[in-house]
Amino acid sequence: MNSDLPGFYKMGLEDRLNEIKKIAHLTDEETNSLRTGGINWQTADLMIENVIGTTKMPIGIATYFTINKKDYVIPMAIEEPSVIAAASHAAKLARQGGGFTATSTEPMMIGQIQVIGIDDIRYAEKMVLANANNIKKIANKNDSTLIKLGGGAKGVETKILETERGRMLIVHLLVDVRDAMGANAVNTMCESVAPYIEELTGGKTRLKIISNLAVKRTVKAKAVWKKTVVGADVIDGILDAYAFAKADPYRCATNNKGCMNGIDAVMISTGNDFRAIEAGAHAFAALNGYKPLVKYELKEDDLVGTIELPMAVGIVGGTTKTNPIARIALKILGIKTARELGEIAACVGLANNFAALRAMVTDGIQKGHMKLHAKNIAITAGAKDTDVYVVAQKMAAEGNVSVSRATELLKELQREETEKTGNE
Ligand code: NAD
């Protein structure tokens, strides 16, 4: 499979879908699902509460990605224009530096059990650690599937917290969740070990819940943007932008949002819990004062970008099987493990951050963005059918993409139309 697909963006909708159908060996039913949208009304009623309908989001394909020497076409679900174009462009430029490389840890999640009201907290801590094997055994009784797959509770850690409500013992249950996101699996295990922990400590357990700050389940991804490809000015500009984000949380929040544009889009297309990923990413970025998720450095005149963040993603469990589009997205990616999905998402986050910074240190972000956003502006102004394209193209050509200009152009079009009808 080759993700180097020049002209993919210029294809008509059907041709584009057919290209992906060929690449990913999609069935007619799957391509039809992509055309008509995923979760049906009745299924939605089984998924959440008080259902009245469903909503849809566009899915586009990011091209040019090569990760660990393997090419991917990446489905991204997002309502914001220019994110997919930006990711693809950054990937195209990175391709000339060898593409992306990514590594990840084992899928180890942390479950937290909060214990309060302990008389001798140091002794209680010792008791928990001395009986770690028993705690793991109790936890592992809950999930024979996970155990069969080589996962399950693997470790117990403790810490004592001084809080405004007094001292607390916090027990961390480390669970290898294999290809699941893991929240349900971990929460069940935490609840099941709580009575035994109360017995060991003489305290009372309160919260028993997964931590989204998944520091033991992280991905690191890297790309090199060569000076000969992107130019010395762009590299210099990006290093300045990076220094700005490192020094200023106001800038850093937006910088990191740029990474999450791409990561969330991959999460949504594959049916993952993007709130969990968001929470983990920002908490991780804030561990030592809020910092950029992507670091940049100069190596032999080239720009090296590295992203590192927690990546609690699943390809089983949650709603990954209930949502037909999520299954199709995983098929398009052609992946077999949650780790591979996490590595892909991190690369997309890195690409989106690079692309946003590159745009800002060259033309400014609005030039390209507003061109791609022009169709939405035309629709906001009330344009329909082919008028959307006509108004959007005119605004893009004029370099004036605004609702007021779209309204004027629409009025002009309607006047021309009336004149034509009047003449006939
Ligand atoms: P789950 O319980 O639906 O599925 C996971 C289970 O699938 C495992 O326990 C295992 O028994 C089985 N399984 C089969 N094949 C597997 C494989 N190859 N690898 C791993 N497990 C396999 O889902 P989950 O992943 O435990 O929980 C995810 C859901 O929890 C998401 O929908 C998320 O939104 C929700 N959630 C999140 C939070 C949070 O992030 N704070 C809290 C509560 C719930």
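Just follow the structure's listing: the first ligand is 1, and inside any ligand the first atom is 1.
- Ionic pairing of Arg122 and Glu125 is present here: one or more N-O contacts between side-chain nitrogen and carboxylate oxygen are shorter than 4.0 angstrom.
- A distance-only check finds no donor-acceptor pair linking the side chain of Arg405 to the backbone of Met395 [under 3.5 Å].
- Remark: Lys137 engages no residue in a salt bridge (Lys or Arg N to Asp or Glu O under 4.0 Å) (not counting sequence neighbours).
- The list of side chain to side chain donor-acceptor pair (under 3.5 Å) pairs with a residue in residues 200-214, not counting sequence neighbours, reads Glu198-Thr205.
- Every residue was checked against the salt bridge (Lys or Arg N to Asp or Glu O under 4.0 Å) condition with Glu49, not counting sequence neighbours, and none meets it.
- One finds no salt bridge joining Arg327 and Glu29 here, because no Lys/Arg side-chain nitrogen approaches an Asp/Glu carboxylate oxygen to under 4.0 Å.
- Protein residues with any heavy atom under 4.0 Å from ligand 1: Asp143, Thr145, Leu146, Leu149, Val177, Arg178, Asp179, Ala180, Met181, Gly182, Ala183, Asn184, Ala185, Asn187, Ile210, Asn212, Asp273, Ala276, Val316, Gly317, Gly318.
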